[in-house]
Every structure is written in C-alpha cells, then in structure tokens.
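The structure appears right after this line, and notes come after that.
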Amino acid sequence: MTYHYKTQGTCSTEITLDINGNVVSNVSFTGGCNGNLQGIPRLVDGMTVEQIEEKLGGIRCGRRPTSCPDQLAHAVREAYEASKQTA
C-alpha cells in the first residue's frame, strides 16, 4: 500500500512510502534538505515500522520539537495503522 503523509514542523512537506505488513520501502520526501532526504530513504528501506520508530523517533532539528526523521517515524506508524484498517 502506498501512503502519503503531510509533515508538520519541518522543511519537507510530505512523505510518501510503501508499506507491506510492517515493512517499509520506497520512502520519498517532498522538500527539505536534499542530502538528508536522499540518505534517509536508503537507510530505512526494508526496515520494519518498529525499527524506524526506535531509531528515528524523537530526533529534533535545532530548536524544533521534530525533524524529518522524526516525522518519518510518525508517518510509518500512521501508514501501518491505516493498512490494518483496509486489510
């Protein structure tokens, strides 16, 4: 299932990802810092929702209470919960 997540509090504006069970792939960001947003998808490809939440959840960007990695942790959880509703 492909899922689109509107970010909050970050330079990126949207995260698109595929979720199959609890495994995440094909992550892409719209907007944000180009290098980070190329690296993050490569690092998390094939990881589970729980692994992504554990590694990226709670990361802050400067004084902001969130970051692009933290928003990805939120996005994968939301996508996972939505995929259970459609199953």
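The structure presented is a predicted model; accordingly, all values stated were derived computationally and were not measured.
Atoms NE2 and OH, from H74 and Y5 in turn, are 5.5 Å apart once rounded to the nearest 0.5 Å. Distance check, rounded to the nearest 0.5 Å: CD1 of I59 to CZ of R64 gives 14.5 Å. Here the CG-CD1 distance, from D70 to I52, works out to 12.5 Å after rounding to the nearest 0.5 Å. With values rounded to the nearest 0.5 angstrom, E53 atom CD is found 4.0 Å from R77 atom CZ. Atom OG1 in T48 sits 8.5 Å away from atom CD in E54 (nearest 0.5 Å). How far CD of E78 is from NZ of K6: 12.0 Å, rounded to the nearest 0.5 Å.
Under the side-chain contact (heavy atoms from CB on, under 4.5 Å) rule, L17 has a single partner from N26, D45, V27, which is V27. Only one option out of L37, I40, L72 pairs with S12 in a side-chain contact (heavy atoms from CB on, under 4.5 Å); it is L37.
Pairing each heavy atom of C68 with each of T10, the nearest pair is N-CG2, 3.7 Å. A pairwise comparison of heavy atoms in R60 and S67 identifies C-CB, 3.9 Å as the closest pair. In plain terms, the two heavy atoms of S83 and G21 that are nearest each other are OG-O, 4.2 Å. Closest non-hydrogen pair, E14 versus T7, comes out as N-OG1, 3.8 Å. Summarising the geometry of V24 relative to I19, their closest heavy-atom pair is CG2-CD1, 4.4 Å, with the distance given to 0.1 Å.
Both Y80 and Y3 are members of a single hydrophobic cluster when ILVMFWY side chains are connected at heavy-atom separations under 4.5 Å. Taken together through direct or relayed side-chain contacts under 4.5 Å among Ile, Leu, Val, Met, Phe, Trp and Tyr, L43 and I15 form parts of separate hydrophobic clusters.
Taking the side chain as every heavy atom from C-beta outward, Q8 and T66 never approach each other to under 4.5 Å.
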Exercise for the section: Please report the C-alpha distance between V44 and V76 in whole Å, then the side-chain angles of each, then the deciding distance to 0.1 Å, and finally whether the side chain to side chain contact (heavy atoms under 4.5 Å, CB included) criterion is met. Expected result: CA-CA 11 Å; V44 301; V76 298; over 6 Å; no

